[in-house]
Structure formats: structure tokens, C-alpha cells
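Worksheet: one structure, shown below.
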Amino acid sequence: MILLFRVRLINPTFERSTVATKRQNPKTTPSFHCKASSFESKTMSHSSAPRMRKCRQTKKEEEEPLGGDMEDLFSEKETENIRLSLLGWYDENQRDLPWRKTRSETEKERRAYEVWVSEIMLQQTRVQTVMEYYKRWMHKWPTIYDLAHASLEEVNEMWAGLGYYRRARFLLEGAKMVVAEKEGFPNKASSLMKVKGIGEYTAGAIASIAFNEVVPVVDGNVIRVLARLKTISANPKDRLTVKNFWKLAAQLVDPSRPGDFNQSLMELGATLCSVSKPSCSSCPISSQCRAYSLFLENGSIPVTEYPTKVVKAKPKLDFCCENNRSGGRFVLVKRPEEGLLAGLWEFPSVILDKEASVAARRKAINLYLKEAFHLEPKETCTVVSRKELGEFVHIFTHIRRKIYVELLVVQLAEGGTIDMFKDEAKDTMTWKCVDSDVLSTMGLTSAVRKCRCIQWLKHTSKIYLSHQIEQPFPGNEESHDLLLTIVYQVESV
């Protein structure tokens, strides 16, 4: 549960500090965005592979995979036809995207940086969403050297709304690493994979597109195209299956235009060869597609049968609550620099082992406020009002979080501000106070933004229905409000 906690200060004079806290960090489930390959004779590691590998290998021994043989490579004629057809189609139909600008031979490093940023942004995110973020990013940090001088907070603020914030942190750390080594941008896939946050897929994309290295790329779009070309129904997330997809992709790469070919393969998967509604009649390589040929022969087996659908892991479930208030000042706490949503600002939170009643949640909040901010009702502050505002569900990759929003308004007693700064411990949490209009410019989590929206709707509805606008506390018209979001969280598998 997230509680929006509002504090009225008589003479607010501080902007930022740290306070001692015994609060435990929330249990988090890391998100992985692996895109695998086996060029360079390396085996791809998938986020779910370690747990499933033994089971999958046992299953393979028991039964033969349905569909095409993964060792059945393309013939020389097939390879040549696919290359010519795809490149011709791509030259005529490629989308006009901001990261596809043509660069001269002397600007290869800048091209590599642009490809890197775009590929990282495009992981788990739609092209339409990425385009505006990419333009703003490049306007602020046009080169890797500009990015290397940025702070994590600046990067998170620019990234806010894209999600999967680990990607932004790795981009920054990778840029700093490349610039610090003073050897220029790595121009080989094997060298690129040594940079923080660059895996086999991203390395292949950068090396082929920016430096013309003849290496393949394999992402979800490429897997879909290859699976349909060869009617491969083996589990597309299985380690050995992925390794063989990389073999197929490596065989197809055009040695004279590796970057364009890789982009054409991904472009086909993103446009014509879509997941549920492929446009086979418009596909430039439909004549080489076994899945399409099979469909023409037997209409009961659609092209969309390939690749095999894999059941997603059931997300964990947790509960939390938040608060927001227009016209006031918000207390924000910075998350740890490692783990889920690292370095982002959010409302303070309380962790629960299991779902609890309103009374139990409020008791947990009171204990948290006492330990973290030295706030105790009737002693260091007075509770002015406390009310439930609503709830919503926020979904991460592996977590389903239910968030309850509650507004708590307190007025600090004399000397209360000083109490909030005393007894700083070795383990501290960084926090600060910001005005309401500043929140929209900060690197906040999507959950925090949803909480603000709920409070705004509640506040607007109240004015509309009752025609009443809340006034400042009598005798304290110039005081400022501080809001804390308290998060109650319960996880279940």
C-alpha cells in the first residue's frame, strides 16, 4: 500500500537530506532483456534457461521436435534468393526512423552510438514510443562523450516512462567505460560484448550496421521469420534451439551489406511477418517460406503456428499504496543504486509479509514514520486528516502489484523539522522535498505517476460534485505541504 503523507511545516527551510532508517528494501524480481546468439562460438544465456534446461533436455530425449529440422540449413540457392529479395524489398519499403540516418565513413563511431541507444530503447518497447524518447536523448547527449559526463539521475529523468530502468543505467555505465579506455568505440562484436550492458544481439547490431562486420542478429522478429521459413516448432526459448537460430541467421547475412540485411530481416518481422496477422501475400520471401507453403497445401495449419507459443511465467503478486496532493510539497525517497528501478525517485514505502487490513497497514505506516522520519502523532506531529483515495494494479514483467492510495495530512509540532534530521545512521536513505509541478520533470516510476493520477481525479471530482475548494489551514496560509507515499507490498508466487 502506498500512502501519500502530507506534512504542514511552519517554516520549511530544507530541500534535501538523509534520514536514518531501519526499513528493509522491497523484494524485487530482476527483469532481464536477453537477446541471444552463438556467433563467436558463445552460448547464449536466457533469463529462464537455467531453471528449465534440465527439464527441456529430458523432454528432447523422449520425443522428436515437431516441424523442420534445426540442422537443416538453407541451400546456396535459397540463401541467395532470400538475400536479394529481402534487400530489394527493404530498399523500397524501410520505415523512416530517426536512428537510420546515413553517416559518412568518418562518422562511424557516432553511427555506432546511435544504433546502440536505439537498440537498447527498443528492447521491450514499441517503435512509436521510442521515437520521441530517442530524439530527446540525442538532442541532450548527441555523442557518447556527452553521455559519459551525465549523471544517473539525469539519465533516469530522461528515461522516465520507458520502463526497465536498468537499460538506462547500463547505457550510462557503458558510455563511461568506453570513454575512460580512450581507445575509441569498439568496432567488433567480440569487443563490444565486453562493454557493460551490451549482449550478443546488441553487439551484432552495432557491429554490422555501423562497422559493416558480417555477423548476424537474432531477436524475436528474426526468430519468427526463421521459424516460419523453416517450419521450426521447437521451443524458441530453449538454449539449443536459440543457438541453431543463430546458425541460420549467420548463414543468411549478406557479406556485402550485413547491416542492411540484418535490418531487413528485423523489419520484415516487425511489419509483414507479424505475430498474429502476417501479410504473406505481400512478403518478398513467401516463395521460400515453408510455413506459407504448408498453409496453401493444408489450410488447417496457419502460418501463425510458428514459432511455438511458450507459456509465460505467472507474475508475482504484491500490494502497495500511494498518495498525492496538488499545491503541496512531496517527500520523495531515492531507491538503491542496484536492483529493480535503481536510482529512481519514489514515495516512501512499507513492506508487508502478507496482505493486511487497513488498521494493520496504518500501524505499519506509523512505525515506519517514527523510525525513518521521527514522526509520532501527538508527540512530534498532529494528524489533520487521513483517508483512502483508491487502488489500482500495476504490472511489471514478473510482478503484479496492487497499490492502495491513502492521504495522510499531518502538521509538525514546533521543532518537528529538526527531529526529521537527527540521529543519522550509517545506513541512510536519501530523500528530498519537491513542489508538485516539479514531479512531472523527474525520473519517477510509472506506479508513482499512476498514484498521482488517482489523487488528481479524486480531488477534481470532489470540487466538481460539492463545489468546494479546500482552503489553507487557518492561521497558517503560507505553510507548505509535504507528501510521503507509503508502499505496502505483499508478494505471492
Legend entry - NZ/K194: more than 12 non-hydrogen atoms of other groups inside 6.0 Å: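 Open: at most 12 neighbouring heavy atoms sit under 6.0 Å from NZ of K194.
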
Inset, instruction - Go through E305 and F295 one step at a time and tell me if the side chain to side chain contact (heavy atoms under 4.5 Å, CB included) criterion holds. - result: CA-CA 10 Å; E305 284 292 300; F295 169 70; over 6 Å; no

May I ask you to decide if [Y]'s main-chain N or O and [X]'s side chain share a donor-acceptor pair within less than 3.5 Å?
X: R290; Y: R228; value: no
X: R136; Y: M158; value: no
X: Q124; Y: Y164; value: no
X: S264; Y: F261; value: yes
X: T308; Y: S233; value: yes
X: R224; Y: G269; value: yes
X: S293; Y: A291; value: no
X: T241; Y: N235; value: yes
X: E267; Y: R95; value: yes

Legend entry - side chain to side chain contact (heavy atoms under 4.5 Å, CB included) between L172 and L152, worked out: CA-CA 7 Å; L172 176 61; L152 178 59; 4.1 Å; yes

Just verifying a value: how many Å separate [X] [atom1] and [Y] [atom2], rounded to the nearest 0.5 Å?
X: E119; Y: Y201; atom1: CD; atom2: OH; answer: 3.5 Å
X: D219; Y: Q123; atom1: CG; atom2: CD; answer: 9.5 Å
X: K334; Y: E153; atom1: NZ; atom2: CD; answer: 5.0 Å
X: N156; Y: L162; atom1: CG; atom2: CG; answer: 11.0 Å
X: L226; Y: K247; atom1: CG; atom2: NZ; answer: 14.0 Å
X: D260; Y: L86; atom1: CG; atom2: CG; answer: 11.5 Å

Inset, instruction - Salt-bridge test for E132 and K135: reply yes if a basic N is under 4.0 Å from a carboxylate O, no otherwise. - result: yes

Inset, instruction - Report the C-alpha separation of F170 and I120 in whole Å, then their side-chain angles, then the decisive distance to 0.1 Å, and conclude whether the side chain to side chain contact (heavy atoms under 4.5 Å, CB included) test is met. - result: CA-CA 9 Å; F170 283 174; I120 298 301; over 6 Å; no

Inset, instruction - Using only heavy-atom distances, determine whether the side chains of T143 and D146 contain a donor-acceptor pair under 3.5 Å. - result: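 Present: a donor and an acceptor within the cut-off.
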
Taking every non-hydrogen atom, the tightest pair across [X] and [Y]:
X: R111; Y: K101; value: NE-O, 3.6 Å
X: Y165; Y: A160; value: OH-CA, 3.4 Å
X: P258; Y: N212; value: CD-OD1, 3.3 Å
X: S208; Y: N262; value: OG-ND2, 3.0 Å
X: P186; Y: F211; value: O-CE1, 3.3 Å
X: P142; Y: R110; value: O-NE, 3.7 Å

Inset, instruction - Apply side chain to side chain contact (heavy atoms under 4.5 Å, CB included) to M266 and V225, showing your working. - result: CA-CA 8 Å; M266 293 187 287; V225 172; over 6 Å; no

Does [X] reach the side chain of [Y], with side-chain heavy atoms less than 4.5 Å apart?
X: L248; Y: I232; answer: yes
X: R257; Y: D91; answer: yes
X: M131; Y: Q128; answer: no
X: I285; Y: L229; answer: yes
X: L122; Y: V127; answer: yes
X: R167; Y: T125; answer: yes
X: P284; Y: L268; answer: yes
X: T79; Y: Q251; answer: yes

Legend entry - Cation-pi, F74 ring and K230 (6.0 angstrom, 45 degrees):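 Checked: cation-pi criterion met.
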
Inset, instruction - Check L87, L252, D254 against I82 for a side-chain contact (heavy atoms from CB on, under 4.5 Å) and give me the one that passes. - result: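 Only match with I82 under side-chain contact (heavy atoms from CB on, under 4.5 Å): L252.
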
Inset, instruction - Would you mind telling me which of I209, T202, L192, L147 makes a side-chain contact (heavy atoms from CB on, under 4.5 Å) with W116? - result: T202

Legend entry - Option passing ring pair (Phe, Tyr, Trp, His ring centres under 6.0 Å) with W137 (candidates Y134, W141, Y133): W141

